[in-house]
A.B. asks: 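The structure's right below; bear with me while I get my questions together.
Computed from a prediction, not measured in an experiment: that's the story for all the values here. No hydrogens, no waters, no symmetry mates; every other heavy atom, side chains included, goes into these values. Chain naming here is simple, since letters A, B, ... match the order of the sequence lines and numbering starts at 1 in each.
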2 protein chains.
Amino acid sequence: MARNLQQHILDVASELFYSQGIKTTGVDAIVKAAGTTKMSLYKYFPSKDDLVVAHLNKSRAKLQGIIEAELAQATDDPQRKLLAVFDVFERLQASPAFRGCPFINASAEFAEIGSPVQQAAAEFSEGFRRLLATLAAEAGVRDPDNLSKHLSMLIAGALVREQMQRGSAPMRAAREAAEILIGHACAQARAAEPA
Amino acid sequence: MARNLQQHILDVASELFYSQGIKTTGVDAIVKAAGTTKMSLYKYFPSKDDLVVAHLNKSRAKLQGIIEAELAQATDDPQRKLLAVFDVFERLQASPAFRGCPFINASAEFAEIGSPVQQAAAEFSEGFRRLLATLAAEAGVRDPDNLSKHLSMLIAGALVREQMQRGSAPMRAAREAAEILIGHACAQARAAEPA
DNA sequence: TTTTCAGAACAGACCGGTCAGTCTGTTGCA
DNA sequence: TGCAACAGACTGACCGGTCTGTTCTGAAAA
């Protein structure tokens with residue numbers, strides 16, 4: 001296993017944290033599922049909290065990869081790229097393993113303000129919004145920051161809605177709303193600076 | 001205390017559940033904070049799960065009351081009423097005690113599908129959307145169900161965003177997006193059925 | 001090629017604390 | 001007298017985390 005063991009433990013822990021919840025998942029369960037021992041786990045992750053933070057970092061990296069891959073194969077039309085983000089999440093939601101957003105869930109489970117978990121969630125939230133703002137700026141809308149807030153809230157809302165009401169497929173509705181908002185923002189930009 | 005004791009225990013438990021998280025809050029902590037005993041708590045609530053469900057029911061009733069009060073004193077303009085819902089949440093978010101939506105948080109903490117907690121969260125989510133749909137229908141929009149989904153997702157998204165990034169005041173941005181979407185839906189209705 | 005040895009991983013008992021929930025007994029009020 | 005509430009010890013399970021000791025492996029040394 002060598003250096004792989006650390007990754008293996010993290011993979012197993014991440015899956016359990018996501019599917020069952022973080023507080024619900026005990027260290028013993030992780031150790032058992034990973035087929036390893038507590039000593040090995042605590043060698044690589046000094047505490048459960050460290051493991052949780054690693055889980056969030058892993059989730060962020062994974063999601064970033066998925067989104068970048070989708071954007072890379074999307075058309076160059078910036079508006080399409082914005083909508084492609086919704087398509088990514090729609091696909092993720094369709095999986096039976098879907099259990100909401102890891103960061104929203106972690107934020108709900110760890111109430112203590114300023115905790116590393118809350119901090120990681122905040123950083124992801126802001127980073128994701130900035131990604132949308134970049135795409136919105138490329139689309140040439142009037143106020144990219146504002147539109148990015150609108151769109152990120154639509155996505156977050158759709159994620160929690162599907163989590164609470166499985167099968168309601170809200171990401172498609174969120175995408176429709178996004179189209180309206182993007183169209184509006186583009187129209188505003190055109191009106192403000194006519195050729 | 002008499003019959004009041006049950007209510008008192010629920011009040012204290014509800015506050016702790018909301019502020020600290022449900023799994024984090026032990027029965028002993030509730031008993032101590034309420035100044036009562038375990039025997040009394042378990043007399044009125046046979047299990048902690050029952051107490052959690054009661055907490056959610058209480059939260060639903062409380063929120064319904066707040067929204068109804070706001071709608072009652074809002075103008076008769078149906079569009080204003082829709083926006084007044086956003087004002088309610090903006091006020092709630094401004095409180096330092098704000099810690100997100102009790103139902104979203106509970107849904108994140110209790111992963112088991114079909115559990116009473118998940119069920120209560122689903123019912124609330126759908127009930128809230130229906131309220132928005134009713135208001136949207138009164139506003140005479142083309143597809144009230146669709147608009148209600150959009151607006152409920154904006155609100156949910158703003159709630160989790162404020163939870164993860166305190167002080168980012170996203171409900172105002174959500175309200176702006178709502179105005180655009182409402183305007184769009186009304187314009188569609190006018191276009192579909194011209195005088 | 002065989003021996004040796006260090007580090008990595010396994011195995012599992014163990015710690016104090018907390019969990020939800022139960023039990024016995026006492027106090028106080030109507 | 002009877003019921004509601006208090007008081008608090010108690011159970012068994014589980015929590016995160018530590019500790020001792022064994023087994024495995026792979027590379028250096030002979």
A.B. asks: Would you kindly give the CE-to-C1' distance between B:M39 and D:dA7, to the nearest whole Å?
C.D. replies: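 Spelled out: CE on B:M39 to C1' on D:dA7 is 11 Å.
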A.B. asks: In residues 98-107 of chain A, what donor-acceptor pairs under 3.5 Å come from side-chain atoms, sequence neighbours left out?
C.D. replies:
unit_1 : atom_1 : unit_2 : atom_2 : d
A:R99  : NE     : A:Y18  : O      : 3.2
A:N105 : OD1    : A:Q163 : NE2    : 3.1
A:N105 : ND2    : A:R99  : O      : 2.9
A:N105 : ND2    : A:C101 : O      : 3.4
A:S107 : OG     : A:Q118 : OE1    : 3.3
A:S107 : OG     : A:Q118 : NE2    : 3.4

A.B. asks: Would you say C:dA8 has OP1 or OP2 under 4.0 Å from some side-chain N or O of A:S40?
C.D. replies: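 No.
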A.B. asks: Would you please confirm or rule out a distance under 4.0 Å between OP1 or OP2 of C:dC10 and any side-chain N or O of A:T36?
C.D. replies: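 True: A:T36 side-chain N/O within range (under 4.0 Å) of C:dC10 OP1/OP2.
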A.B. asks: Between D:dC6 atom C1' and B:K43 atom NZ, what is the distance in whole Å?
C.D. replies: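 It works out to 12 Å between those atoms.
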A.B. asks: What's the verdict on salt bridge (Lys or Arg N to Asp or Glu O under 4.0 Å) for A:E70 and A:R91, showing C-alpha distance, side-chain angles and the deciding distance?
C.D. replies: CA-CA 11 Å; A:E70 181 85 5; A:R91 215 185 313 132; 2.4 Å; yes
A.B. asks: Consider only side-chain N and O atoms of B:S148 and B:R129, and report whether a donor and an acceptor are under 3.5 Å apart.
C.D. replies: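 Yes, because at least one side-chain N or O of B:S148 sits under 3.5 Å from a partner of the opposite role on B:R129.
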A.B. asks: Could you tell me the separation between the CG atom of B:L41 and the C1' atom of D:dG8, rounded to a whole number of Å?
C.D. replies: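 For the pair B:L41 CG and D:dG8 C1', the rounded distance is 15 Å.
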A.B. asks: With the criterion being N/O to N/O and under 3.5 Å, what pairs connect the protein with nucleotides 15-20 of chain C, and how long is each?
C.D. replies:
unit_1 : atom_1 : unit_2 : atom_2 : d
C:dA20 : OP1    : B:K48  : NZ     : 2.7
C:dA20 : OP2    : B:V27  : N      : 2.7

A.B. asks: Holding to salt bridge (Lys or Arg N to Asp or Glu O under 4.0 Å), I want the full list of residues that pass it with B:K38, two or more places apart in sequence or in another chain.
C.D. replies: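 Checked B:K38 against salt bridge (Lys or Arg N to Asp or Glu O under 4.0 Å); matches are B:D28.
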A.B. asks: Does B:K23 qualify as a cation-pi partner of B:F17, given the criterion of NZ or CZ under 6.0 Å from the six-membered ring centre and within 45 degrees of its axis?
C.D. replies: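 B:K23 over B:F17 ring: no.
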A.B. asks: Without hydrogens or angle criteria, can the side chains of A:D11 and A:S14 be said to hold a donor-acceptor pair below 3.5 Å?
C.D. replies: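 No pair is found: no donor N or O on one side chain lies under 3.5 Å from an acceptor on the other.
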A.B. asks: Considering only D:dC6, C:dC10, C:dA8, which nucleotide approaches the side chain of A:Y44 most closely?
C.D. replies: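 The answer is C:dA8.
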A.B. asks: B:L51 CG to C:dG21 C1': how many Å, rounded?
C.D. replies: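 Value for this atom pair: 13 Å.
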